[in-house]
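Here the structure comes first, spelled out in structure tokens, and everything after it is commentary.
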Amino acid sequence: MSDRENLERGYRRMLACYPRDFRRENSDEILGVLLASAPDGQRRVGVAEAADLIRGALRAWLRPLRQCPPTVRAAVRLMYAGAVLELGILVTVIVSESSIRSAILARYPGLTAAQWHLIVLTHLLPDEILAPVGVAGWVWMAWAHGRGHYWARVVLAATFGLSTLGLLSALSESAVTFAPADMVAGTVAWIVHAAAMLLVFSKPAARFFQPNPNARFFRVAGSRP
Amino acid sequence: MQEATFLILTALAAGTQHGYGILADVGQISGGRVRLRPGTLYTALDRLRGDGLIEVDREEIVDGRLRRYYRLTDEGGARLAAEAARLQANARAALSRLDPAGGVAT
């Protein structure tokens with residue numbers, strides 16, 4: 001195999017990281033530019049080239065489709081903001097953990113070890129476990145909405161319901177007295193969630209989320225055998 | 001507007017260009033300071049097409065490979081002009097404060 005063929009194979013492997021629709025439209029052209037830019041004698045994909053292609057692939061995966069309407073684009077941006085907020089909640093909980101513990105002790109000085117354990121289990125651990133899941137969830141929802149997946153809106157509505165219940169439950173348990181910063185961040189995250197809901201369920205967004213009749217679920221549910 | 005976006009739009013302001021031409025032109029416009037790579041360029045081109053700032057002018061097959069030429073849309077031209085005016089105003093303000101007499105103060 002010649003140097004050029006070897007290099008082309010390497011570039012093709014890197015381009016396989018891009019989403020299929022992006023690849024279908026651009027990979028032949030990008031390959032041409034990559035080969036034209038490569039100096040004579042180059043056999044392998046360089047480190048900087050590989051990093052650039054991986055970064056480009058990541059952006060192509062996370063960005064909304066070109067036909068995505070502005071309302072959904074705005075919702076996708078809000079979802080990425082939600083991921084950043086969720087990360088903020090995690091950092092807040094970790095940084096303020098000792099002050100939260102002190103606040104609990106000040107309020108309930110006569111706590112037994114078992115009661116203390118229960119409070120940690122119900123107030124601190126859920127935040128520390130759920131926040132990273134929340135970050136991944138927001139990024140995943142942003143990706144799914146940007147691609148126009150029909151089920152994404154259903155998932156968003158369901159998680160909004162859960163988030164509302166969580167917020168109401170936290171308010172009713174006076175969690176605000178334990179961790180006001182966490183409570184404020186949680187409320188802001190809920191507002192972001194609500195705004196994203198309004199945008200993706202708006203009239204201009206509806207056409208973008210039409211169910212795909214070729215999807216397996218719809219074939220199974222439909223009349224075809 | 002990011003610098004890479006500004007330079008890509010500037011490269012297309014003089015006329016249609018294909019991907020390799022844009023890469024070379026961006027290097028030239030920036031005096032060799034900015035060197036775009038194909039991965040960055042094509043994600044930017046895809047985004048700019050989505051935003052309606054550029055569009056495909058025509059496609060050719062050269063040596064068995066697709067070569068796509070891009071051009072600025074009216075909206076892209078207006079956005080570039082607005083950004084250039086903003087940068088020019090900022091630069092003028094900075095230079096005038098560095099040396100009100102006309103040259104750069106030392």
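Sequence lines set the chain letters: A, B, ... in the order given, protein chains first and strands last, and positions in each chain run from 1.
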Assess whether a salt bridge exists between B:Arg65 and B:Glu60, defined as any Lys/Arg side-chain N lying under 4.0 Å from an Asp/Glu carboxylate O. no

Strictly under 6.0 Å, is that where the ring centroids of A:His145 and A:Trp140 end up? no

Shorter than 4.5 Å, heavy atoms on both sides: which option in A:Val33, A:Leu34, A:Asp52 has the most such pairs with chain B? A:Asp52

Max heavy-atom pairs within cutoff under 4.5 Å with chain B, candidates A:Gly56, A:Ala57, A:Pro64, A:Ala60, goes to A:Gly56

The interface call for A:Leu65 against chain B, heavy-atom contacts under 4.5 Å, is neither

Measure distances from A:Ala48 to the heavy atoms of chain B and classify the residue's part below 4.5 Å as side chain, backbone, both or neither. both

Can you confirm whether the side chains of B:Glu83 and B:Gln88 place a donor and an acceptor under 3.5 Å from each other? no

Interatomic distance, B:Leu53 atom CG to B:Met1 atom CE [nearest 0.5 angstrom]: 6.5 Å

So, the side chain of A:His149 versus the backbone of A:Ala152: is there a donor-acceptor pair under 3.5 Å, distance only? no

Cut-off 4.5 Å, heavy atoms of chain A, and the answer for B:Asp63 is neither

Which answer fits B:Leu45, side chain, backbone, both or neither, if we ask what part of it has an atom under 4.5 Å from a heavy atom of chain A? neither

